[in-house]
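Notes for the one structure printed next.
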Amino acid sequence: MKKTTGTMTRERYNPKDAEPRWQAAWNDHKLFATKNDDPRPSYYVLEMFPYPSGRIHMGHVRNYTMGDVVARYKRAKGFSVLHPMGWDAFGMPAENAAMQNKVHPKEWTYANIATMRKQLKSMGLSLDWAREFATCDPTYYKHQQRLFLDFLASGLVDRKTAKVNWDPVDMTVLANEQVIDGRGWRSGALVEQRELTQWFLKITDYAESLNSALDHLDRWPEKVRLMQRNWIGRSEGLLVRFAVRGQPGVAAPADIQVYTTRPDTLFGAQFIAVAPDHPLAQALAADNAELAAFAAECRRAGTAQEVIDKAEKKGFDTGLKAVHPFDPAWELPIYVANFVLMDYGTGAIFGCPAHDQRDLDFVRAHGLGVTPVVCPPDVDPATFKIDDTAYDGDGRLINSRFLDGMSIGAAKEEVARRLEAASLGNRPVGERKVNFRLRDWGISRQRYWGCPIPVIHCEACGVVPVPAEQLPVTLPEDVAFDVPGNPLDRHPTWTHVACPTCGGPGRRETDTMDTFVDSSWYFVRFTDPWDAAAPSNPAIAGRRMPVDQYIGGIEHAILHLLYSRFFMRAMRATGHVGLDEPFAGLFTQGMVVHETYRDADGGWVQPADVRIEGSGEGRRAVHAETGAPIEIGSIEKMSKSKRNTVDPDDIIAAYGADTARWFMLSDSPPERDVIWSEEGVQGAYRFVQRLWRLVNDLVEVVAAPQAGAESTLGPESLLLRKATHRALAGVEDDIERLRFNRCVAQIYELANALQAALTGAREADAVPADMGFALREAADVLVQLVAPMMPHLAETCWEQLGHEDLVAETPWPEADRSLLVEDEITLPVQVNGKRRADITIARDADRAAIEAAVLSLDAVRRAVGDAPVKKIIVVPQRIVNVVA
RNA sequence: GCGGUCGUGGCGGAAUGGUAGACGCGCUAGCUUGAGGUGCUAGUUGGGUAACACCAGUGGAGGUUCGAAUCCUCUCGACCGCACCA
């Protein structure tokens, strides 16, 4: 037996030494700088760029590691990979910091960027840093202003007075999407309603396209597509005008228009209801204090107290009557109701209590009747009754005169057809209408740290665009943040400017753009960030776009992704790109979560200060320094408020970037949350050391690469080769599908197989040539499989294996398919569906041979007993089932 | 309320109609090293057995199938999204 002593005395792998060395080597070789004229097929992998908040967090580590695995893998597969990085650098935290710490937003932002760039570089990401930019660079927002002006010229921008969500803490307007439960999404302050003149991007012009194109985004998660579909909220319905019968002394309009998606239920109508803000309600309220009070109450409840009595349906009877469009003798009462929204449809509905739960709740409270008009299948219409639950399922029309017996679809069609033909006051009664829930995108923000909206207000000429040659409109730097509100508004000189048209006195627009604008086209800019003349070069963008794989958090499922999809369409309409969809493939990763810890006083304690003792039932935590008991709380998203964060810098300093990367990819499926734990990190670190030992042991046993021994394989070396190529094919498949946790498992399996073979070889006196070859091959492939995930360790091992080039520039190995098929296969054998035995048989054995072999097995005979064998199911290559 | 996702060992998870628990963490035993937190070997779903055999088992109850973690129905639970959207 060969004596080896090397294992115990060998130096451990030292990431602190190796990682910076390889990062420098990649940099020197310019391996990740992407040339736009590279003729190879393009692959664009992009992770959502970070907000420069100060330091990177574990979520970034996970996000950027996943993208880097794909980038490195695709590079090895021969693609010209575009993998850029930049900074989503405008936004309110910079202004908050300015207010709190008296530091200028620009200074604060660029200092954060410098810190975070250094941190990201320490992760060894294969990024093309030559393309880096920040959205607060004038060289970036100059082009964004140009896009705005082009959109303006194309009619894609609107300026309108609108009721807006006003955040009284941040002193800014919020998009509807940024209001969560009546509160500002950042400040958490109760949102007020205000009338302001605002700039809007007309995203609703593309509502239909944004909705229908979702069907073709087949590399997007179904969940995200569904969320967008719900957000856009397309519905097909009918506008119906009801004649209004007035009352003496009450001013009433001649008719009222409602929107309905259920015109088939028109004969089940019991009432008409309008929103408190509906013109009719407002007109009536002018002469009716009671109604005015009711409307005011509804508006208050709408924003603040809805949680308390949200279920209660309230209405105010106007005394007016509406005439049923199919029966002049049929009158319906008109209510003002708290559950009708002015923002949707026409702000008026007809209520059909039998088939809409809200309407049913309403009539129960107001003593109106219920007439079912849709009867479920297999139910007798004579006995069908509605109790407490409205019926919104399928069925046949009843109690509906000429519609009786029709399906819902046919009845909708029939009603639409008749009402389109009927007329009321020289206009048709009914009009088909596709409606959307989506609203235009208000982009005006009363903030300093954002992209200035490039227009000038002139008393004589009105709104005048800033001429393109005067862009960018840069932010003035001499601003102060000692009072809330927008410093641009009170700037002494910046706002005053000559009107470009008449030369008279003008005033700059002081609103800046929503930062979602900045992130709606940065991925296009990355394709040619050096172009000073235009936002993009359509030819270059056309070659690189769409992004092949976009990776980021699920929290952007609606806003950022929908705005970006709109922007591509708008940029296409203005000639900047030639495609509609920015992201062909989308992946939404899970969060990084961690246990929470509290001390005896209930204060949060950070993981770095906690020591865990014991395990299982006896597992408990104490303070690392004081020894005081610590309560272990629930597992939560890492957040500063709960102090359950782990600093990537600390992890990289203690274990190296590769360990952090490996742990982020192991175990948890990438779309699910991953639990950060000290044990897990240590496990990852042990594998780093193990791989290093394995490679060193191997080069001791097989000193040099072995060639030409493939053809003379013995059974053991063949087994190892099969394991090697199985892992290779498997990892390739799993990276393509972003199943990184399975990649990790397969790499472990290959490492186990290699280790077993190596142990066997070391016990022999001499390693035969075929085994030497197989061991070398396995080690090379193993290192190459590891390379996208732990690139520094892989380079070190690659060097140790005697390669002179970098593994980062080595093509991906090709799996030998002939090694993936077995000559002899082991088939499980079931009797009546229960596994009883297995047989090993030639892969191409015919059915009769398999049946005979199976029936001769003792275990099968025992299980079958005296019962006759009814049939034998043979699934080739998979299983045999004997049915007795 | 509506829509969706998901329930598998002590834990993360694997298996997408064909041997349930790959791989890892943790744990147990032995060996090794050492001050140790390292390394190696074996074991680790429950019941059962000296060991096999065997029995049960993927939240629960039914069903389809030769065969179900996987498909269908109902039900319980967790999480996410949307919400008076006509």
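As a whole-Å value, the separation of A:R686 CZ from B:rU33 P is 20 Å. Nucleotide B:rA56 holds its C1' atom 9 Å from the NZ atom of A:K834, rounded to whole Å. Following rounding to the nearest Å, A:F436 (CZ) and B:rA86 (P) show an atom-to-atom distance of 13 Å. Atom CZ of A:R225 and atom P of B:rC82 are 19 Å apart (whole Å). Residue A:K223 contributes atom NZ, which lies 16 Å from atom P of B:rG3 at whole-angstrom precision. The distance from atom CG of A:L226 to atom C1' of B:rC80 is 12 Å, rounded to the nearest whole Å. Here B:rA83 presents its P atom at 19 Å from CG of A:D361, a figure rounded to the nearest Å. Here B:rU19 presents its P atom at 11 Å from CG of A:N881, a figure rounded to the nearest Å.
Nucleotide B:rG77: paired with B:rC6 (Watson-Crick or G-U wobble, both distances less than 3.5 Å). Of the nucleotides present, none pairs with B:rA51 by Watson-Crick or G-U wobble criteria with both distances under 3.5 Å. Both distances falling under 3.5 Å, in either a Watson-Crick or a G-U wobble arrangement, occur for no nucleotide opposite B:rU16. Applying the Watson-Crick and G-U wobble criteria (two distances, each under 3.5 Å), B:rU41 pairs with B:rA29. Partner assigned to B:rA68 is none, using Watson-Crick or G-U wobble distances below 3.5 angstrom. The partner of B:rC11, taking Watson-Crick or G-U wobble pairs whose two distances both stay under 3.5 Å, is B:rG24. For B:rC82, the paired nucleotide is B:rG1, the pair qualifying as Watson-Crick or G-U wobble because both relevant distances are below 3.5 Å.
Taking syn as a glycosidic angle within 90° of 0, B:rG63 does not qualify and is anti.
Annotation for A:V593 and A:D673: closest pair CG1-OD2, 4.0 Å, computed over non-hydrogen atoms.
Not less than 6.0 angstrom separates the ring centroid of A:H366 from the ring centroid of A:F271.
Side-chain proximity of A:P669 to the nucleotides B:rG13, B:rC23, B:rC40 is greatest for B:rG13.
For A:R437 and B:rC82, the shortest distance from a side-chain N or O to OP1 or OP2 is not below 4.0 Å. The phosphate of B:rA20 (OP1 or OP2) has no side-chain N or O of A:R835 nearer than 4.0 angstrom. In this structure, A:Q746 does not reach the B:rA14 phosphate: none of its side-chain N or O atoms is under 4.0 Å from OP1 or OP2. Between A:N230 and the phosphate of B:rG4, there is no side-chain N or O to OP1/OP2 separation shorter than 4.0 Å. For A:Y748 and B:rG24, the shortest distance from a side-chain N or O to OP1 or OP2 is not below 4.0 Å. A:R672 has a side-chain polar atom (N or O) that falls below the 4.0 Å cut-off from OP1 or OP2 of B:rG13. Taking side-chain N and O atoms only, A:N741 has a distance below 4.0 Å to OP1 or OP2 of B:rA14.
Among the protein residues, A:S666 comes within range of no part of the nucleic acid, since none of its heavy atoms lies under 4.0 Å from any strand. Among the heavy atoms of the strands, none lies under 4.0 Å from A:N832. At the heavy-atom level, A:Q755 lies under 4.0 Å from the strands shown only through sugar-phosphate atoms. As judged by a 4.0 angstrom heavy-atom cut-off over every strand, A:V875 is placed among the base-contacting residues. A:Q830 comes within 4.0 angstrom of a nucleotide base, judged by non-hydrogen atoms across all strands. Contacts of A:V880 with the nucleic acid, taken as non-hydrogen atoms under 4.0 Å apart, are absent. Backbone-only contact: A:R739 has heavy atoms under 4.0 Å from sugar-phosphate atoms and none from a base. In this structure, A:R234 reaches neither bases nor backbone, as no heavy-atom distance under 4.0 Å exists between it and the strands shown.
Going from the P atom of B:rC54 to that of B:rG21 covers 16 Å, rounded to whole Å. Spacing between B:rG10 and B:rU65 at atom P, rounded to whole Å, works out to 34 Å.
Taking the charged nitrogens against the carboxylate oxygens, A:D215 and A:R229 do have a contact shorter than 4.0 Å, which makes a salt bridge. Comment: A:R742 does not engage A:D733 in a salt bridge, judged by the lack of any side-chain N to carboxylate O separation of less than 4.0 angstrom. Under a 4.0 Å N-O distance rule, the pair A:R843/A:E824 does not qualify as a salt bridge.
At least one donor-acceptor pair under 3.5 Å links the side chain of A:R225 to the backbone N or O of A:L214. Put simply, the side chain of A:Q270 never gets that close to the backbone of A:P353: no donor and acceptor are under 3.5 Å apart.
Heavy-atom nearest nucleotides on RNA chain B were determined for A:V744 and for A:R878, and the one closer to the 5' end corresponds to A:R878. Residue A:D673 is the one, among A:N435 and A:D673, whose nearest nucleotide of RNA chain B lies closer to the 5' end (criterion: closest heavy atom).
Residues A:E700 and A:N696 bring no donor and acceptor atom of their side chains to less than 3.5 Å of each other.
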